[in-house]
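Please read all numbers here as calculations on a predicted model, not as lab measurements. Order of the sequence lines fixes the chain letters, A, B, ..., with proteins taken first and strands second; residue numbering starts at 1 for each chain.
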Amino acid sequence: MHDALVAWLRVAAGRLHAEAPALTALDQAIGDGDHGINMDRGFSAIVAKLDGQEVPAGSDPAADDTTATADLLRLAGKTLISTVGGAAGPLYGTAFLRAAGAVAGGQPSTAAAFVTGLEAAAAGIGALGKSTTGEKTMLDAIVPAAGAARAALEAGGDVARVIAAAADAAEAGALATVPMLATKGRASYLGERSIGHRDPGASSAAILLRVLADSTARP
Amino acid sequence: MHDALVAWLRVAAGRLHAEAPALTALDQAIGDGDHGINMDRGFSAIVAKLDGQEVPAGSDPAADDTTATADLLRLAGKTLISTVGGAAGPLYGTAFLRAAGAVAGGQPSTAAAFVTGLEAAAAGIGALGKSTTGEKTMLDAIVPAAGAARAALEAGGDVARVIAAAADAAEAGALATVPMLATKGRASYLGERSIGHRDPGASSAAILLRVLADSTARP
Amino acid sequence: MATNAPVAMKKLVNRVEDLVPESLAGLQAAHPDIVRIDAPNQVVLRADGPVQGKVALVSGGGSGHEPLHGGFVGLGMLDAACAGNVFTSPVPDQMEAATRAVDGGAGVLHIVKNYTGDVLNFQMAAELVAGEIEVSSVVTNDDVAVQDSLYTAGRRGVGVTVLVEKIAGAKAEAGGSLAEVTATAVKVNAAGRSMGLALTSCIVPAAGTPTFELGPDEVEVGIGIHGEPGRRREKLAPVDDMAEWLVSPIVSDLGLSRGDAVLAFVNGMGGTPLIELYAAFNSVSRILGGQGISIARSLVGPYITSLEMAGFSVTLLRLDDELVRLWDAPVHTPALRWGV
Amino acid sequence: MATNAPVAMKKLVNRVEDLVPESLAGLQAAHPDIVRIDAPNQVVLRADGPVQGKVALVSGGGSGHEPLHGGFVGLGMLDAACAGNVFTSPVPDQMEAATRAVDGGAGVLHIVKNYTGDVLNFQMAAELVAGEIEVSSVVTNDDVAVQDSLYTAGRRGVGVTVLVEKIAGAKAEAGGSLAEVTATAVKVNAAGRSMGLALTSCIVPAAGTPTFELGPDEVEVGIGIHGEPGRRREKLAPVDDMAEWLVSPIVSDLGLSRGDAVLAFVNGMGGTPLIELYAAFNSVSRILGGQGISIARSLVGPYITSLEMAGFSVTLLRLDDELVRLWDAPVHTPALRWGV
Ligand SMILES: Nc1ncnc2c1ncn2[C@@H]1O[C@H](COP(=O)(O)OP(=O)(O)O)[C@@H](O)[C@H]1O
Ligand SMILES: Nc1ncnc2c1ncn2[C@@H]1O[C@H](COP(=O)(O)OP(=O)(O)O)[C@@H](O)[C@H]1O
Ligand SMILES: [Mg+2]
Ligand SMILES: [Mg+2]
Ligand SMILES: [Mg+2]
Ligand SMILES: [Mg+2]
């Protein structure tokens with residue numbers, strides 16, 4: 001899991017950098033125009049950490065991999081908290097920290113680890129942000145993603161299928177924020193005028209999961 | 001002379017009001033964009049003074065007319081000084097005060113009074129402004145106007161002809177400021193960039209003399 | 001006619017990413033007697049801090065609101081200010097560093113503007129020093145443009161933050177305990193309300209384009225301080241009317257009535273010059289005068305801004321003798337100074 | 001991409017012709033403890049004036065440069081400021097009224113910025129009180145953008161005027177005679193130089209359109225303070241370079257060299273926010289530091305403005321002990337306050 005995670009974080013950083021202007025534009029419409037910049041900064045910092053680290057090339061035993069994965073998720077979470085700022089920093093950071101906790105316990109499979117981690121992430125965001133679905137936030141991508149992943153897992157899907165289900169659901173969820181009235185975050189100040197715009201945090205969440213699905217789909 | 005002067009001041013005020021945007025536009029190009037506003041304010045104030053005054057309807061005896069004319073020129077000058085501000089206020093104000101002094105001495109004819117008054121006005125502006133022709137100021141309209149008026153007078157011209165000569169020369173003089181490099185007033189700060197624009201003060205001077213010529217030409 | 005919103009970005013910057021650190025370096029270069037900068041953490045500290053035995057005040061938030069907060073560091077006001085990127089809350093590490101740097105043994109008050117990002121990051125910072133330094137926190141939420149906090153992240157912290165920093169700072173300077181200083185900050189926040197409007201948008205340097213577009217005759221009413229769009233759009237109107245749009249909701253929300261005395265704060269959003277701000281103050285003064293509300297203290301100028309946005313906000317603070325005394329107490333910071 | 005010059009006029013005004021009187025009324029409403037307004041004459045007076053036995057300082061000029069001059073009336077600075085219409089010198093009647101109102105028996109100093117209009121009107125005012133009140137006058141002319149005064153109306157009075165008002169004001173407050181206060185003002189003017197640039201134009205309210213047009217990547221260098229176009233046009237550049245354009249001519253004109261100490265004043269033109277002004281101060285500080293010139297005192301902010309124009313100017317004043325002492329002396333005005 002660890003190496004796949006490293007690969008994902010690197011590709012995700014590249015994609016967020018490319019998508020930063022688009023995410024920022026979404027945030028200009030209903031926020032303060034920095035979400036793309038913030039995410040780009042945070043993920044670049046993760047890559048810098050990865051580059052600086054002596055990462056053991058491939059730690060074979062399953063137990064080691066679990067620990068390494070959890071450590072890596074924790075590193076990512078802390079880095080996001082320390083570099084992103086704004087609302088997204090603590091929220092995404094907490095998501096990664098919670099995922100680390102869930103993974104650290106050990107899971108029967110990579111697919112199960114992913115689902116449990118995503119569920120823990122969603123719960124962590126909701127607890128910190130005092131938010132739930134339908135409020136036009138990143139949770140509107142992440143909660144359905146976790147639900148779809150759980151369903152795919154229970155239907156016997158492999159890790160690729162499970163992550164693909166999560167990515168599809170996240171994208172649908174992000175799109176579904178368009179007609180929503182924001183009641184959390186900066187967009188909530190707009191009242192009715194928040195309607196008709198896609199939430200930037202939900203969009204960045206969907207991007208992260210799509211990148212993961214793409215890289216997992218590959219052999 | 002007094003009544004003609006009153007009529008002139010009233011028509012001039014109307015014309016300056018109409019031309020204020022154009023004069024201001026000239027001042028935006030090489031100054032600070034207030035000359036039209038300033039002149040409009042000053043001449044409106046003169047009209048307000050005229051309206052408020054019990055002007056003796058028509059003071060017949062020549063001596064009385066001379067005094068009344070000089071008083072009126074002095075009133076106009078003081079009003080301009082007290083209301084126009086900027087460079088134009090003291091300069092035009094002084095011009096009227098000097099003209100008053102010249103007229104007060106008594107002149108053989110209205111035409112002679114006009115020429116002497118205009119010469120005194122030009123000299124007053126030059127002394128106060130430490131300026132002369134060729135510096136791209138109102139003097140480039142007024143000095144040639146005084147010269148042309150003197151020539152017309154010496155050639156035996158009547159008052160209409162003398163004033164017409166002054167107005168024509170003032171307009172030509174104002175136009176001739178276009179290629180000049182300003183060395184006095186705000187436009188001088190532009191250096192070479194002052195070239196290619198008509199001086200606002202020369203333009204307002206030409207307007208004043210044209211209005212006078214028009215009203216004098218009428219029977 | 002085009003709008004007068006800035007469309008092309010024209011700013012005094014070198015590289016966009018260096019704007020905040022270079023601006024902080026400039027603050028230090030200009031006021032070495034008052035502040036010193038912890039550059040790696042982007043924290044502005046009192047030059048003479050930590051002040052032993054005094055409750056320390058830490059605030060912070062995204063940059064772009066200058067002089068808030070760094071310009072308010074100094075005697076009688078803040079002990080430290082954390083500067084985030086433009087319009088982006090700083091991170092907990094900065095707040096932790098600030099809290100540790102200013103602690104003089106009497107506890108630290110965090111003054112936090114109510115935005116999700118600011119609240120969450122300060123909350124995390126407080127956890128990072130828990131058990132080591134006594135921290136209390138006050139969240140300012142004075143913006144009456146945000147009406148129903150059931151359906152929003154709650155009222156935003158805007159103009160009253162300046163007043164909280166000044167008045168709680170005076171209380172701390174006078175030897176107040178952490179509980180007392182916190183209570184003073186809470187009291188000011190409770191007694192103050194604000195509302196603002198924008199004549200133009202502003203450009204976040206890293207974005208490079210205006211956050212919103214306004215027509216040449218349009219005004220965005222109920223804005224925050226991050227270039228966010230406001231609650232509604234109106235046609236440009238005489239300043240008397242625009243002042244009324246802001247003052248009315250504040251007066252009714254605060255329940256001000258004849259005989260009350262207030263501090264009136266007319267704040268510029270960054271691009272509006274003083275000649276206009278004083279004209280706006282004149283409108284506010286006439287409106288309040290007409291209702292028998294007296295202005296006992298005042299503040300006029302750009303103190304909590306949105307980059308180069310044109311516009312203004314009004315903050316009214318109901319005064320009592322204690323608040324007047326603390327307001328008048330000496331202050332010596334880059335942006336507010338008197339009595340020293 | 002369009003320019004970010006304001007094209008449509010959006011200002012906080014009622015009727016354009018009421019802007020100056022209403023802004024003055026706002027100044028009085030906000031600072032009744034410091035100033036009072038002679039409304040018919042548009043003169044801002046010290047609330048506690050005339051101060052018997054003290055030399056009085058009178059300045060004035062067109063409006064649109066706020067806080068100059070009205071915001072500098074108060075203890076340790078001006079006794080009166082005459083406000084003309086926007087960018088138009090006031091008239092002699094105003095200056096006469098101001099001079100009579102502030103005379104405390106020790107004479108009156110007129111501080112006049114070098115513009116033909118200001119000079120001529122103050123000159124006429126002095127004549128109006130000649131024989132009754134002892135008046136001396138100092139004409140500030142610090143703008144190095146105007147090079148050859150043989151071919152111009154002479155260098156304009158810009159940023160140094162603020163410093164003259166502060167320092168000569170301190171000299172008068174300390175009991176200096178009219179000759180001494182005048183000599184101090186002359187000394188400051190001689191020891192200070194300025195230069196400015198604009199990122200945008202500005203709109204004179206009565207004109208309604210920008211005084212000049214600038215492309216989206218153009219900078220007007222060598223501007224005055226009346227929205228006049230400058231001496232040349234450059235492409236927008238990093239603030240370090242733009243600061244260099246301003247600092248270099250000043251340093252060479254003043255003949256500053258290694259070991260000299262200066263007061264560095266980075267002034268905002270009205271629409272440029274503090275975050276950028278401090279970035280500019282950082283550039284100025286680096287440039288001077290590189291030449292071994294030390295910044296002993298500083299001033300950063302919008303103090304002599306051109307309405308809402310974006311841009312900045314730099315003023316450097318060569319300091320000696322006397323000037324430092326007078327600069328540090330107490331001042332209590334709406335816009336500058338310390339030590340009281
Ligand atoms: N209370 C919350 N719960 C969950 N997500 C939130 C909450 N508040 C904000 N968000 C998410 O954060 C995103 C904004 O992030 P960002 O722009 O980086 O921070 P900021 O709003 O501080 O500028 C929003 O689009 C939204 O998805
Ligand atoms: N020294 C001078 N001598 C003669 N005329 C001058 C002088 N300085 C300026 N002027 C005239 O004054 C005009 C400008 O007037 P105005 O715009 O009203 O004043 P200001 O320049 O103070 O804004 C110029 O166009 C010029 O004709
Ligand atoms: Mg944002
Ligand atoms: Mg002019
Ligand atoms: Mg933000
Ligand atoms: Mg003028």
Side-chain angles (χ1 to χ4, degrees), chain C residues 1-4 6-15 19-20 22-27 29-31 63-64 66-67 71 199-200 216-217 236 238-240 242 264 266 270-282 285 295 298 300 302 305 307-308 310 312 332 334 337-340, chain D residues 1-4 6-15 19-20 22-27 29-31 63-64 66-67 71 199-200 216-217 236 238-240 242 264 266 270-282 285 295 298 300 302 305 307-308 310 312 332 334 337-340:
Chain C
M1 267 203 308
T3 157
N4 66 349
V7 173
M9 184 167 89
K10 276 182 157 179
K11 292 184 196 278
L12 306 178
V13 289
N14 291 311
R15 298 187 319 162
L19 173 59
V20 172
E22 292 186 340
S23 186
L24 291 175
L27 187 73
H31 311 285
S63 293
E66 291 67 23
L199 303 181
T200 67
D217 59 348
L236 186 68
V239 62
D240 279 347
M242 295 196 287
V266 168
T272 288
L274 268 185
I275 187 171
E276 295 179 43
L277 293 181
Y278 276 110
F281 191 90
N282 182 53
S285 150
I295 299 180
S298 67
V300 183
T305 59
L307 297 171
E308 73 282 1
F312 75 116
H332 193 71
R337 281 186 221 180
W338 56 75
V340 181
Chain D
M1 265 204 310
T3 158
N4 66 349
V7 173
M9 184 167 91
K10 277 181 155 180
K11 292 183 194 278
L12 306 178
V13 289
N14 292 311
R15 298 187 318 163
L19 174 58
V20 172
E22 291 186 342
S23 187
L24 291 175
L27 186 73
H31 310 287
S63 291
E66 291 67 23
L199 303 180
T200 67
D217 59 347
L236 186 67
V239 62
D240 279 347
M242 295 196 287
V266 168
T272 288
L274 268 185
I275 187 172
E276 296 178 43
L277 293 181
Y278 277 111
F281 191 90
N282 182 54
S285 150
I295 299 181
S298 68
V300 183
T305 59
L307 297 170
E308 73 282 2
F312 75 115
H332 192 71
R337 281 186 222 179
W338 56 75
V340 182

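Glu276(C) and Lys10(D) get closest at one heavy-atom pair: OE1-O, 4.4 Å. Shown here for Lys11(C) and Met242(D), the closest heavy-atom pair between the two residues is O-CE, 4.2 Å.
Contacts of Val300(C) with chain D are made by side-chain atoms alone, with heavy-atom separations under 4.5 Å and no backbone atom involved. Proximity to chain D involves both the backbone and the side chain of Leu27(C), based on heavy atoms less than 4.5 angstrom apart. At a 4.5 Å heavy-atom cutoff, the contact between Ala29(C) and chain D is made by backbone and side-chain atoms alike.
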Inset, instruction - Check step by step if ring pair (Phe, Tyr, Trp, His ring centres under 6.0 Å) holds for Tyr278(D) and His31(C). - result: CA-CA 11 Å; Tyr278(D) 277 111; His31(C) 311 285; 5.7 Å; yes
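Among Val20(C), Ile295(C), Leu19(C), Leu277(C), the residue making the largest number of heavy-atom pairs under 4.5 Å with chain D is Leu19(C). In terms of non-hydrogen atom pairs under 4.5 Å with chain C, the most contact-rich of Ser23(D), Pro273(D), Gly64(D), Ser63(D) is Ser23(D). Between chain C and the options Gly71(D), Ala279(D), Ala280(D), heavy-atom pairs under 4.5 Å are most frequent for Ala279(D). Most heavy-atom pairs under 4.5 Å with chain D, from the set Ala30(C), Pro238(C), Gly271(C), Ser298(C): that is Ala30(C). Top candidate by heavy-atom pairs under 4.5 Å with chain C, chosen from Val239(D), Val13(D), Leu236(D), is Val239(D).
In this structure, Arg15(C) CZ and Asp240(D) CG are separated by 11.5 Å, a value rounded to the nearest 0.5 Å. Taking OG1 of Thr272(D) as the start and CG of Leu307(C) as the end, the distance is 11.5 Å to the nearest 0.5 Å.
A search for salt bridge (charged side-chain N to carboxylate O under 4.0 Å, His left out) contacts involving Glu22(D) returns Arg286(C), not counting sequence neighbours.
Side-chain contact between Thr305(C) and Leu274(D): absent, with no pair of heavy atoms (C-beta onward) separated by less than 4.5 Å. Between Leu12(C) and Leu199(D), the closest side-chain pair of non-hydrogen atoms falls below 4.5 Å.
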